[in-house]
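Every heavy atom of this structure was used, including side-chain atoms; hydrogens, water molecules and symmetry mates were not.
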Amino acid sequence: HGHSHVKEAPDGKTLWGIVYNREMVATQEEMNEANLPLGYRDYCAHLLIDLNKCRHESWYLPWKCGDLRHAYEKCQFFDYEVRKMKMAEQQAASKE
């Protein structure tokens, strides 16, 4: 089925064995076509597009698309962790 959006990170950083890049992978066009709400247009959007497509094609059967769901959830969690670290760095820098 279609092309997968999994990309190597330019710096090759991995977390929990998942290569993660802080680049938008999905284009505006792809997000528009997928009717993604603005709140979901983040670094994990490409995974959500694939997940939604899979859900739709499998009639939303709960035992389908598990690998895509886990990839999306891990991406969301990691994105949150990265933002937390960045905020902590900015706060530390502003105190200097």
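Considering NE2 of His46 and SG of Cys75, their distance stands at 5.5 Å, rounded to 0.5 Å. Summarising the geometry, atom NE2 belonging to His56 is positioned 11.0 Å from atom NZ belonging to Lys53; distances are rounded to the nearest 0.5 Å. In this structure, Tyr72 OH and Asp79 CG are separated by 9.5 Å, a value rounded to the nearest 0.5 Å. In this structure, the separation between SG on Cys65 and CG on Asn52 is 9.5 Å, given to the nearest 0.5 Å. The distance from atom CE of Met24 to atom SG of Cys44, rounded to the nearest 0.5 Å, is 9.0 Å.
Closest heavy-atom contact between Val25 and Glu30: O-OE1, 4.0 Å. The minimum heavy-atom distance linking Asp50 with Leu68 is given by the pair O-CD1, 3.8 Å.
Residues passing the side chain to side chain contact (heavy atoms under 4.5 Å, CB included) test with Leu61, sequence neighbours excluded: Trp63, Lys64. Scored by the side chain to side chain contact (heavy atoms under 4.5 Å, CB included) test, Lys84 finds Tyr80, Glu81 as partners (sequence neighbours excluded). Under the side chain to side chain contact (heavy atoms under 4.5 Å, CB included) criterion, Arg69 pairs with Leu51, Arg55, Glu73, sequence neighbours left out. For Glu29, the side chain to side chain contact (heavy atoms under 4.5 Å, CB included) criterion is met by Thr27, Glu33, not counting sequence neighbours.
Counting side-chain heavy-atom gaps under 4.5 Å among Ile, Leu, Val, Met, Phe, Trp and Tyr, Trp59 is found in no cluster with other residues.
Residues Met31 and Leu38 do not share a hydrophobic cluster, clusters being chains of Ile/Leu/Val/Met/Phe/Trp/Tyr side chains in contact below 4.5 Å.
A donor-acceptor pair under 3.5 Å is formed between the side chain of Asp42 and the backbone N or O of Ala45.
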